[in-house]
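Proteins come first, then strands; the chains are lettered A, B, ... in the order of their sequence lines, and each starts at number 1.
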Amino acid sequence: MNMTLIGTTLAALLTIAVYSFLYKDNPFYKFAEHLVVGVSAGYYLVIYYYNFIDPTVVSPVFRLRIGGDAILLGGVDWWMALIPGLLGLILYARFFPKIGWVSRWALGIYVGGYSGLGIAPVMQARVLDQIRGGALPVHALHTGQGWTNLLLVVGLLGTLTYFFFSLKHKGVLGGLARIGIVFIMVGFGASFGYTVMSRVSLLIGRMNFLLHDWLRIV
Amino acid sequence: MRRHVPLALCFIAGVFMAIQYFIPHPSVQAWYERLLAWLQTLLAFAFLIGTVSLVRLHAHKIGHKVAGRGYSWVLFVGLGLMVGFGFKGRAPGSPFDFMFQNVQVPIEGTMFSLLAFYIASAAFRAFRARTLEATLLLLAATIVMLGRVPVGDLLHRSIPAATDWILNVPNMASKRGIMIGVGLGMMATALKIMLGIERAWMGGTD
Amino acid sequence: MRALLPALSLSVSVLLALFPPAGRAADAPLSEVVRETAAPAAVTGLQARDYLDNNDRGDKIELSWCLSADDGAGALSVLEYRVWRSQAPDEQGELVATLEPGTAAHVDTGVTPGVAYYYRVEAFDGALSSPAATAGPAVGRINLFQTSRLPVLVLSLAFFAMVIWFTRLAARGTNLFVRRIPGLNAVEEAVGRATEMGRPVLYVPGIGEIDDIQTIASLTILSHVAKIAAEYETPLIVPTARSVVMSAAEEVVKEAYAEAGHPDNYNPDNIRYLSDAQFAFAGAVSGIMMRERPAANLYLGAFWAESLLFAETGFETKAIQVAGTANVSQLPFFVTACDYTLLGEELYAASAYLSREPKLLGGLKGSDWMKVITICIIVAGVVLTALGVPQFGRWFFTQ
Amino acid sequence: MNRLGKFLQIDRRWIFLAILIAVLAPFIWPMGLPIVITKPVQDLYNAVDAIPPNGEPLFISIDYSPSTVPELDPMALAILRHAFSKDIRVAVLTLDPAGYGLAERALEAVAAEFGKERHKDYVFLGFQPGISAVVLGMGINIRNVFPEDAYGTPLSEIPMMEGIRNYDQIPLLITLSGTAVVEAWVIYAHQPYDAQIGAGVTAVMATDYYPFLDTGQLVGMLGGMRGAAEYETLIDRHDAGVRGMDSQSVIHILIIVLIVVGNIAYFGSRKRAPETAGGDAAA
């Protein structure tokens, strides 16, 4: 038996074990579930070490000691590489209840940094670009495009109104919000229907694996 | 020290990351790239915390002879093998890659494909024409589903066109509206985090 | 409605900032053109200016021109464009680029910042060169502001000003009205029902990292849910897909139990890290639902394809399910399969609303008035385009 | 509760079973539901068909990873079969590190099917990192980016690559991808070098790329499993695509039937007690 066949058989048995969950929870599923949790934890541990910790911290710091050459990191001396290492180690303070609060320092930089990072791109992509895309010319109502644009604008305004929290949804506001929810529901239906195909493709892919790659009956 | 330092660090890091977007000066951008690399490294360090928690929970199950502790052993074997193999070599064809390709990929892929079943049962159960909104949702889903497969063309020539229209007009309009609202909500929350108004991430609100 | 006026005037000032009067680009004298026989026609309108990019070292100059009249036509057909750079206006200088026909722009990289350069562009037909178009001097500068991003800055600052304004109003005790959000009460009902049935509550804060704003909003809601669960003495299980989220969730829940006066009931084994791998996590959470039978499942945060896996498994275990996410693509599945769903922005609203802390409402109010401004801009754009005001329309339709 | 009401409470495992049968049946009894050929697919087919045999090679860039294999692998196989059956030479490369094994497997399998010879009829160039750099580099000289094939043979020693310098000698390049790589090919190969680019993409991505077809930036396009099925129909060699499309059609119809029947049962039984909670709760 060669490794490919062993691998394929292993993968096939695990595939069937996962599908057995559709009937009911059972030992085979529990086995696959715990196995993949363990394997994925090991996988990420190794990948994170080699992709992040080694190149940004371990290599710059230790290669200097061993080789004696000054290693530059982004144009700054090697001690710069100690900073992320220290911040990382600070996180482990939480294992010691007395100094656990120190880990908040690293967390603060992390949470704050990413909060700030998101602000401008979100304004650009989710707000400004959408406003630009949403204000369409609607005056040419003698054409189909004019009507389409009108619907797009009305739908957009309605949806925005639906998410207006400062006033009760009554009167004109209520009417617009109602139009909004109608558009939202049609959109949800469309997304739902649209996704069916890609999910079924995945199932077909697994079936192809079982019947073709493993059993070779089709 | 316990409250003010983390909040100050949070504010400084946040403001720097927010304004670097507008400053193309190379020295600012160099710091931006450096800080980004640090944050990613921090995340890699943090990963161990989760793994420790996972190991502790399952060691506890084994130690206290909880029912089903056999599965905790399965978990440890998977974890041990991956770490052991991983530090030896990760090239295609290595034992590490073998485990990844023949254990993690198929199990995760199969879990993903369960959605084909669930999408059907959810549709059967929940798509009821009870109200105008529910009816529209149901109709839109049905038309789009038909428009995606060859049978739709056979049923009626206009079904693919109707599908495109639904996707490009009502769907687009509502997605855009939701996106703007979500964007504003995100920005407001980000600002509150930087200013220390929203501080659930460090536990509680005191 | 009183607040509408300042909002309107603000939107007008935003508009003015967004659409400054059109002006000609600086340091770009027009080219001079000399005509000769038999050579291809020269390029026209050559301009050279400082080029600005994300990491601006001042070492790039941007050139643009109009194509030679012979580009792609007749016997004098242009084969290539040649770009020369020098430091004096009448020197030939060095050849920095040869470009294919049809090219009308070039970014010259590798110039020294702060030095003035002159450029010559010739069209070449394989035998003869056209007279050169010249431009300059142009200087590569290290810039301190990315001008193309001005609208983002203006809108962001306007928005933040409103958020801070409303937050201060709230801090001073002004009562800010927020309408009832359908589905929010369901969160408390769900915990109550789990208590009646003597079964645990499951709270999944999504699979986003803690840098995802949705996750932070979810942690605020978790704090509220944990307090109710602590009061009712109902076990609360929080599975997470990220280590840092697990740490934060531990802090949040521990503190909530302490605040509710039941610090001893806090069980650290119930805040669990499972797996970073999306479907390994989904599979493990499904296992928890099947084996520990929570009676209330709350999915609030950032979710992707695993949303329907959770919701359908939870339905099978007959749990009452409340979901909320700002990931638009997953909303249809939560809406169909769960009992209540917080749509998009409602997730952020919920975190402010549930905590009942007035200061947190400032963000919600601010984004509401930003929506009013957004609506005004869209309506203004539509109307002005209909009235034939071209500049406004150009900003909208050329991206 | 009346009979209709009971039907609504049906154990959902019956639905799972129905889905399983619906996906498997076409594997065993292919139905061959007629497949209407759309223009983007026909255009791509024509472009491949027009390449002269035993001349300049068709380039195929396998830019996908395992997660999109069900949709994109059938496309790769169908296009390779089309090319080899017409004695068109083929060069395969990949810009996705995870695509290496997939590309090699597909190419070797179809080459063996048609008895083609490596380096004479086909070549596998392997993977190079850096998407835009590779695409731009190929516009100047392929040898700068791929000095040798995946197995270490210098390009200069490969007979079929003689005289193939850059996009000018590539009649058509087809990229198969589930990501934005397609855009890189359009922006860095078509725009500056006028390379002829065709694409095969996942169904989810397809809507994003329709604009490129109108402008001619893409010669043609296969969208999702359905695109693969259409191509298989054109080359008259039914395989995973057509078979998958049968499964797709059956499952889509099955779900629609479930919805309709569910609603009939619901309204039929509604004279009884109204149900609590439901899908429209968000409204």
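Here B:S53 is the residue among B:G109, B:S174, B:S53 with the most heavy-atom pairs under 4.5 Å with chain C. Chain C forms the most heavy-atom pairs under 4.5 Å with one residue out of B:E33, B:M187, B:K175, and that residue is B:M187. With chain B as partner, the option from C:L364, C:V163, C:V244, C:L144 having the largest number of non-hydrogen pairs under 4.5 angstrom is C:L144. When the candidates B:L48, B:T51, B:L43 are compared by the number of heavy-atom contacts under 4.5 Å with chain C, B:L43 comes out ahead. Contacts with chain B were tallied for C:V245, C:L308, C:D368, C:I164; C:L308 has the most, counting heavy-atom pairs under 4.5 Å. Here C:D276 is the residue among C:T167, C:D276, C:L222 with the most heavy-atom pairs under 4.5 Å with chain B. Contact tally against chain B (heavy-atom pairs below 4.5 Å) for C:L331, C:T240, C:V328, C:L153: the top residue is C:L153. Per-residue counts of heavy-atom pairs under 4.5 Å with chain C were compared for B:I49, B:I178, B:L115; the largest is that of B:L115.
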>> If you apply the rule side chain to side chain contact (heavy atoms under 4.5 Å, CB included), what do you find for B:F127 with C:T336, and how did you get there?
In response: CA-CA 7 Å; B:F127 283 4; C:T336 27; 2.8 Å; yes
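Contact of C:T147 with chain B is not made at all, since no heavy-atom distance falls under 4.5 Å. Of the two parts of B:L195, only the side chain, counted from C-beta on, holds a non-hydrogen atom closer than 4.5 Å to a non-hydrogen atom of chain C. Using a 4.5 Å cut-off between heavy atoms, B:F117 makes no contact with chain C at all. Heavy atoms of C:E345 lying under 4.5 Å from chain B belong to its backbone as well as its side chain. Only the side chain of C:S247 comes within contact range of chain B, judged by heavy atoms closer than 4.5 Å. Using a 4.5 Å cut-off between heavy atoms, B:I119 touches chain C through backbone and side chain atoms alike. Using a 4.5 Å cut-off between heavy atoms, B:I193 touches chain C through its side chain atoms alone.
Ring geometry for C:Y273 against B:F47 counts as perpendicular: the plane angle is over 60°, on a 0 to 90° scale with 30° as the lower cut.
With hydrogens and angles disregarded, no donor-acceptor distance shorter than 3.5 Å links the side chain of C:Q146 to the backbone of B:P24. Listed for the C:S367 side chain is no donor-acceptor partner under 3.5 Å among the backbone atoms of B:L184.
In terms of heavy atoms, B:E108 sits closest to C:A280 at OE2-N, 3.1 Å. When every heavy atom of C:A352 is checked against every heavy atom of B:K192, the shortest pair comes out as CB-NZ, 4.4 Å. The minimum heavy-atom distance linking B:A46 with C:S243 is given by the pair O-CB, 3.0 Å. The shortest heavy-atom contact between B:M202 and C:E251 is O-OE1, 4.1 Å. Taking all atoms of both residues into account, the shortest heavy-atom contact from C:S351 to B:E198 is OG-OE2, 3.8 Å. Taking every heavy atom of both residues into account, B:A122 and C:E312 meet most closely at CB-OE2, 3.5 Å.
Between atom CZ of residue B:F22 and atom OG of residue C:S156 there is a gap of 5.0 Å, rounded to the nearest 0.5 Å. B:L191 contributes atom CG, which lies 4.5 Å from atom CZ of C:F160 (distance to the nearest 0.5 angstrom). Rounding to the nearest 0.5 Å gives a distance of 13.5 Å between CD1 of B:I23 and CD1 of C:I142.
Close approach to chain C, defined as a heavy atom under 4.5 Å from one of its heavy atoms, is seen in B:H60 of residues 58-68 of chain B, taken by number. At a heavy-atom cut-off of under 4.5 Å, chain B is reached by C:I210, C:I213, C:I216, C:A217, C:L219 from residues 210-219 of chain C, listed in order of number.
Dense packing is recorded around CZ of B:F98, with more than 12 heavy atoms of other residues, nucleotides or ligands lying under 6.0 Å away. The local environment of CH2 in C:W304 is crowded, with over 12 non-hydrogen atoms from other residues, nucleotides or ligands closer than 6.0 Å. For C:W165, the CH2 atom sits in a loose shell: 12 or fewer heavy atoms of surrounding residues, nucleotides or ligands are nearer than 6.0 Å. Residue C:Y257 qualifies as enclosed at atom OH: its count of foreign heavy atoms under 6.0 Å is above 12. Within 6.0 Å of CZ in C:R291 there are more than 12 heavy atoms belonging to other residues, nucleotides or ligands.
C:L309 places a side-chain heavy atom less than 4.5 Å from the side chain of B:Y118.
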